[in-house]
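Structure first, commentary second.
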Amino acid sequence: MTTIETGPRVEDLGVSDHTLASIVLQAKRFDAIVPESDPNDASNESDDREVDVLEDQADNPARYELTAAINGLEPTEREALIALTWLGRGDYEPEQWEEAKSVAAERNNGSAARYLTGIPLLGNYLEAGAAALGINITDAETEILTHDQNPDPTRSTQ
């Protein structure tokens, strides 16, 4: 297991650790999608080694589920995700957290879900942003992935 060095913990992240961990896991699943390799593929699922599950097809649920999860958040939580993304990719420093949240709140460029799903490596940026603020979501991710009562590991049980 990799240990993530974190900065000084921020008291008000704006989104719970479990919610953030769930979004990160969904974003990483979405990031794994690759362009469709053969749109005219005539094989069936029993002999294609399930390669299609990683291809960006109209029926692939990864984008839908990530978009639905983001849209299901409160506006302040969506703003926190945007600010964390900016922090994680280096647009802001941890000391500028409040400024990043303020700019995210003032942002009026359409859907937050559409904006966030258009950012490659979203899950990595969210994790890096959280780590910079002293939030380590590894335990929450592990709990989501291993919880016995959770039939869908990409959805948080909290």
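Residue numbers count from 1 along this sequence.
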About how many Å separate [atom2] of [Y] and [atom1] of [X], when rounded to the nearest 0.5 Å?
X: Ile135; Y: Leu126; atom1: CD1; atom2: CG; value: 13.0 Å
X: Leu87; Y: Trp97; atom1: CG; atom2: CH2; value: 6.5 Å
X: Ser22; Y: Glu143; atom1: OG; atom2: CD; value: 11.5 Å
X: Leu121; Y: Glu127; atom1: CG; atom2: CD; value: 11.5 Å

Exercise. Please list all pairs passing the side-chain hydrogen bond (donor to acceptor under 3.5 Å, both in side chains) test where one or both residues lie in residues 76-87, with sequence neighbours left out.
Key: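 The answer is Trp86-Tyr115.
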Arg107, CZ atom: more than 12 neighbouring heavy atoms under 6.0 Å:
yes
inquiry  = Contact between Leu84 and Tyr125 at the side-chain level, heavy atoms closer than 4.5 Å - yes or no?
reply    =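 The answer is no; the side chains never approach within 4.5 Å.
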Would you mind telling me which of [options] makes a side chain to side chain contact (heavy atoms under 4.5 Å, CB included) with [X]?
X: Phe30; options: Leu25, Thr117, Thr67; result: Thr117
X: Leu81; options: Thr19, Ile23, Val24; result: Ile23
X: Glu99; options: Lys101, Glu95, Gln96; result: Gln96

Those residues at least two apart in sequence (or on a different chain) that pass side chain to side chain donor-acceptor pair (under 3.5 Å) with Asp91 are Arg89
Can you give me the closest heavy-atom contact between [X] and [Y], atom names plus distance?
X: Ser111; Y: Asn71; value: OG-OD1, 4.3 Å
X: Ala130; Y: Leu20; value: CB-CD2, 3.8 Å
X: Ala80; Y: Val15; value: CB-CG1, 4.4 Å
X: Leu116; Y: Leu122; value: O-CD2, 3.5 Å
X: Gln26; Y: Leu66; value: OE1-CA, 3.6 Å
X: Gly123; Y: Ala27; value: N-CB, 3.6 Å

